[in-house]
Amino acid sequence: MSLGTEQRPFDPTDLRATGSARWADPLFRTISFAAGISVLLVLGLMIGSTTLDALPVFQYQGLVSFFTTSEWNAGSSRNELTGTYGAFAFIYGTLISSLIAIMIALPLSIAVSLYINRIAPKRFRTTLAYTVELLAAVPSVVYGLWGLLSFTPAVLLPVSRFLSGYLGDVPVIGRIFEGPVPNTNYFIAGNVLAIMILPIITAIAREVMAQTPADQIDAAYGMGATDWEVMRKVILRRSFPGIVGASMLGLGRALGETIAVAMLIGGQQRWGISIFFAGQSMAGHIASTFQDAAPETVNALIAVGVGLFVITVIVNMLARVLVWRIGRVAGDAAL
Amino acid sequence: MTDPDPESALDARPGLQKRTVYEMGTAPVSAEVGAAVFDVEHVDVRYGGNLAVRDISLRIPKGEITALIGPSGCGKSTLLRCLNRMNDLIDGASVEGSIFYHGENIYAPEVDPAEVRRRIGMVFQKPNPFAISIYDNVAFGPRLHGLKKGLDDRVEKALRQAALWDEVKDKLNDSGLALSGGQQQRLCIARAVALEPDVILMDEPASALDPISTLAIEDLMRQLRGHFSIVIVTHNMQQAARVSDRTAFFTVDMQKGIRVGELVEYDRTETIFTNAGDERTEAYITGRFG
């Protein structure tokens, strides 16, 4: 057997594709194209069919009235709309509980990220980062149960009563902290939501902070900056757009969270200014009433779902605009 | 910190660590140094337990330019980073021995490294301005230390000292990153100078720059000489010969298979380059190795 020392004369057919090479690439291209398109297709169909189902409710109640009034009386008709469908109480519940969540989770996430990135001992960093991410793996119904049975009675209720007792009588802002404090309310839902969105905000904030160039950190230290000054004036300043983006992702998750919120937010189909009001959120209301709903009310619930989708999209768009604007102001390199 | 005579300053401070002062000619490295800004004494540096630099002693004169040269891995950058305690930031780095700055041991336990770095400015190998405006870059240090009075004047003075003012005076609000590499490095020098340190440490400040920008930096160093004491690490022997008053030559000792940096010779630059006392110095300078 020759070991390739003598060359075979060149045959033009050598250059042609043979075997699987002839069809493997086109086949793979077709499959990935289908996969890509199917995402758009599913989203399109979902938006189309829910909007179609919700449309009669919007027409019957009036779009403005649906989003701004808070009287919700579910009807029981099979083939016509008879109830009153004002979803503002749920919209308010969704927004206020998410707002509380982000106000608690954001500073906490920033502190945790800074600790993991700059302060924690090297060996401890990975463990801690992994543990924070593990929080995201806990099912939300478990958060709901834990919040209801342990966290609320042990921590949140005493804190709520303290806040309400001290701030409830203060003029103007007292309205926000007014009692009584029921066992489930906006504040409690917001706190548990904060723990639920902590992992995603921390994961992104940590990643963004880790990308601060080492030479800029050295530059600040070289001018006599302390650890805290380096974190505040170099790392946080540089990471700001990323942290805004991270909070918006967290907010998006808080807006849509269903089971845990349904278990903790209160359940009344009304709304109140106080953060200790036992109200209801959009997702929570859908989850807790759709099983017993008459056909017309199912349509109304779908309309609430469409409203929630719209709010989430608006938040996401705001986030993008915000990140883009801040990025331009902070200089291109900040992104 | 402003005492002109480190010797008397030393005597005046009771309880200060006892120093070995070499008599002229008996020290392993000698250079007739008048007023010293640094007295480095028997410094060993370890990274994670491995010796990186062994037993360095030298006096760095005030108001002059001192160059640290030698092949890669000889510990010249390591020593430079000891002079303002930047090595503290590296995990596992430890420094033994003493470094006296105007007679005060900067490795004494009561010394705050941030205060040391504030007084001893540093310019890095790669230009590293912040992604903020030119003005804010220069004002960063002063703002950090609450020097907000007369900030505009301070920024202008620093930019003038760094020979950058004429080029940037009309675009102080532009990003520091919009400047060319050489300008960025001069911006970094202005940023260091704005804190009015008395020493500037430069870690291969021109190695990332083109030849013209390099010459501009060298000119600048000569202008800053006298007003500041400058310690420069460089790979470029011609650069050391062109700008420095004194040169310390380091080498890598390969005994027992471990690479350890050590100081071979320290003298006036012209002596080092024309009449080196050690054959290793001469071999390096004439290009026979390194």
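Just so it is clear: chains get the letters A, B, ... in the order the sequence lines come, proteins before strands, and each one is counted from 1.
- Across every non-hydrogen atom of Phe130(B) and Ala219(A), the tightest pair is CZ-CB, 4.0 Å.
- Between the side chain of His145(B) and the backbone N or O of Met223(A), at least one donor-acceptor pair lies under 3.5 Å.
- With respect to chain A, the highest number of heavy-atom pairs below 4.5 Å among Gln125(B), Lys126(B), Arg118(B) belongs to Arg118(B).
- Residue Leu201(B) does not touch chain A at all, counting heavy-atom pairs closer than 4.5 Å.
- Residues Ala114(B) and Ala225(A) approach most closely at CB-O, 4.3 Å, considering heavy atoms.
- Taking 4.5 Å as the limit, every side-chain heavy atom of Asn84(B) sits out of range of all side-chain heavy atoms of Tyr221(A).
- Interface remark: Phe124(B) contributes side-chain atoms only to the contact with chain A (heavy atom separation under 4.5 Å).
- One N or O on the side chain of Asn128(B) and one on the backbone of Asp215(A) form a donor-acceptor pair closer than 3.5 Å.
- The local environment of OH in Tyr115(A) is crowded, with over 12 non-hydrogen atoms from other residues, nucleotides or ligands closer than 6.0 Å.
- Within 6.0 Å of atom CZ in Arg222(B), more than 12 heavy atoms from other residues, nucleotides or ligands are found, so the atom counts as buried in its surroundings.
- With rounding to the nearest 0.5 angstrom, the CG atom of Leu144(B) is 7.0 Å from the OG1 atom of Thr226(A).
- Taking CG from Asp227(A) and CG from Leu89(B), the interatomic distance works out to 8.0 Å, rounded to the nearest 0.5 Å.
- Contacts between Asp88(B) and chain A at a heavy-atom distance below 4.5 Å are absent for every atom of the residue.
- Residue-environment remark: CZ (Arg232(A)) exceeds the threshold of 12 foreign heavy atoms within 6.0 Å.
- For chain A, the nearby part of Pro129(B) is the backbone; its heavy atoms alone come within less than 4.5 Å.
- Contact of Arg85(B) with chain A is not made at all, since no heavy-atom distance falls under 4.5 Å.
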